[in-house]
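First up is the structure itself, then whatever we jot down about it.
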Amino acid sequence: MRKTNIPYDLINQLEADFGSLSQVPEDNPILPRIRKILELDRRSPILKIHLREEIKELLDKGYFIKDVADELSISTTTVRESMRMFNMKTRPRFRYKIVNQGTGEIIYGSVCQDFGKLINVNCSSYKLAQDYLLLYGYKLTKCNPHVLWGELKKGQKYYQNGQLQVKK
């Protein structure tokens, strides 16, 4: 027998707000989420097709797989299978940025060691990278909170997988 994933928390929330599900306006944003959960089998290719654009949009912004699953009230397995089915990729989140103190140019990166490539120095730690980069006119700082790929503007530079990239 298949386990049904009934979103009781969402249903209870709407009933508390409107007295009954029948009183909930059709334009309420929670109602479609409940319908998706109840009407579609989580392992079905139909669900993956139905959610393809929503999953792609969140991945393109830089959300992690778990964040996408939480946002759409689906499993991480469904997100991964959708990614494989539609050839989607995750985008980086950036923990660090450097600013060229002469030009003001900003470059983002997920690991501070990548920035050492700009100056041909192996920077094995944050402090070491910070010191070396400062000698070459760059200021290294931590991004708090992390910067999502989707927040970068066109033409912005960033490191991904050890390679300097420019957002298109």
Side-chain angles (χ1 to χ4, degrees), residues 5 7 9-10 13 17 27-34 36-37 42 45 47-168:
N5 293 311
D9 57 332
L10 297 175
Q13 179 185 342
D17 292 345
D27 63 349
N28 185 291
I30 297 174
L31 205 52
R33 289 178 59 199
I34 292 172
K36 278 184 209 174
I37 293 167
R42 291 185 175 285
L47 176 65
K48 293 170 194 77
I49 291 168
H50 182 71
L51 293 174
R52 174 179 55 191
E53 289 306 313
E54 292 175 69
I55 292 170
K56 182 178 181 349
E57 180 182 325
L58 293 173
L59 290 172
D60 283 349
K61 287 181 181 177
Y63 281 55
F64 289 140
I65 291 170
K66 182 178 180 342
D67 299 329
V68 172
D70 291 345
E71 182 74 20
L72 299 176
S73 301
I74 57 177
S75 70
T76 55
T77 302
T78 299
V79 175
R80 283 190 185 95
E81 288 173 357
S82 297
M83 290 173 65
R84 275 193 294 277
M85 182 183 280
F86 300 110
N87 197 28
M88 293 185 243
K89 304 256 187 270
T90 57
R91 299 289 188 171
R93 279 189 181 181
F94 304 106
R95 296 176 58 202
Y96 305 99
K97 72 177 180 178
I98 59 170
V99 178
N100 182 319
Q101 294 180 322
T103 66
E105 178 183 44
I106 299 172
I107 303 173
Y108 291 92
S110 299
V111 293
C112 58
Q113 290 82 353
D114 284 340
F115 298 121
K117 295 174 184 172
L118 284 173
I119 55 174
N120 294 320
V121 175
N122 183 9
C123 300
S124 57
S125 71
Y126 174 76
K127 181 66 176 142
L128 188 62
Q130 198 173 37
D131 292 344
Y132 274 120
L133 288 163
L134 197 55
L135 292 173
Y136 287 86
Y138 292 97
K139 182 177 181 183
L140 173 65
T141 58
K142 292 182 180 181
C143 298
N144 191 13
H146 295 171
V147 174
L148 299 178
W149 187 87
E151 296 171 8
L152 298 185
K153 296 180 177 127
K154 287 185 179 182
Q156 186 73 57
K157 292 182 181 178
Y158 63 95
Y159 274 99
Q160 183 177 19
N161 299 324
Q163 299 293 317
L164 187 60
Q165 308 282 331
V166 178
K167 185 171 181 185
K168 297 177 183 172

Nearest non-hydrogen partners of [X] and [Y], listed with the distance:
| X | Y | result |
| --- | --- | --- |
| Gln160 | Thr90 | NE2-O, 4.4 Å |
| Gly116 | Cys123 | CA-SG, 3.8 Å |
| Lys167 | Leu152 | NZ-O, 2.7 Å |
| Ala129 | Leu140 | CB-CD2, 3.8 Å |
| Pro32 | Asn28 | CD-O, 3.1 Å |

Taking the side chain as C-beta and beyond, is there a heavy-atom pair between [X] and [Y] under 4.5 Å?
| X | Y | result |
| --- | --- | --- |
| Tyr138 | Phe115 | no |
| Met85 | Glu81 | no |
| Lys89 | Leu59 | no |
| Leu51 | Val79 | no |
| His146 | Asn144 | no |

Spacing of [atom1] belonging to [X] relative to [atom2] belonging to [Y], to within rounding of 0.5 Å:
| X | Y | atom1 | atom2 | result |
| --- | --- | --- | --- | --- |
| Leu164 | Asp114 | CG | CG | 9.0 Å |
| Thr76 | Asp70 | OG1 | CG | 9.0 Å |
| Met88 | Ile65 | CE | CD1 | 10.5 Å |
| Asn161 | Ser110 | CG | OG | 8.5 Å |
| Gln113 | Lys117 | CD | NZ | 9.5 Å |
| Met83 | Ile55 | CE | CD1 | 9.0 Å |

Backbone of Ile74 reached by a side-chain donor or acceptor of Thr78 within 3.5 Å =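 Not at all, since once roles are kept as given, no pair shorter than 3.5 Å links the two residues.
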request  = Please check if the side chain of Lys61 supplies one atom and the backbone of Leu148 the other of a donor-acceptor pair under 3.5 Å.
outcome  = no
request  = Only counting residues at least two apart or in another chain, list the ones meeting salt bridge (charged side-chain N to carboxylate O under 4.0 Å, His left out) with Asp60.
outcome  =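 Asp60 satisfies salt bridge (charged side-chain N to carboxylate O under 4.0 Å, His left out) with Lys56, Arg91 only.
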Test salt bridge (charged side-chain N to carboxylate O under 4.0 Å, His left out) applied to Glu71 - qualifying residues, sequence neighbours left out = none
ask   = Is there a donor in the side chain of Gln130 and an acceptor in the side chain of Tyr126, or the other way round, less than 3.5 Å apart?
value =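 Yes, Tyr126 and Gln130 have a side-chain donor paired with an acceptor closer than 3.5 Å.
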ask   = Does a side chain donor of either Tyr158 or Trp149 reach within less than 3.5 Å of an acceptor in the other side chain?
value =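 The criterion, which ignores hydrogens and geometry beyond distance, is satisfied for Trp149 and Tyr158.
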request  = Give the C-alpha distance, both sets of side-chain angles, the deciding distance and a yes or no for side chain to side chain contact (heavy atoms under 4.5 Å, CB included) between Tyr136 and Asn120.
outcome  = CA-CA 11 Å; Tyr136 287 86; Asn120 294 320; over 6 Å; no
message = Set out, in order, the CA-CA distance, both residues' side-chain angles and the distance that settles side chain to side chain contact (heavy atoms under 4.5 Å, CB included) for Val166 and Gln156, then state yes or no.
response = CA-CA 6 Å; Val166 178; Gln156 186 73 57; over 6 Å; no
request  = Evaluate side chain to side chain contact (heavy atoms under 4.5 Å, CB included) for Ile119 paired with Tyr132, printing each intermediate quantity in order.
outcome  = CA-CA 8 Å; Ile119 55 174; Tyr132 274 120; 3.8 Å; yes
Side chains of residues 93-106: which donor-acceptor partners sit under 3.5 Å, not counting sequence neighbours?
unit_1	atom_1	unit_2	atom_2	d
Arg93	NE	Gly62	O	3.3
Arg93	NH2	Asp67	OD2	2.5
Asn100	OD1	Gly102	N	2.8
Asn100	OD1	Thr103	N	3.2
Thr103	OG1	Glu105	N	3.2
Glu105	OE2	Lys157	NZ	3.0

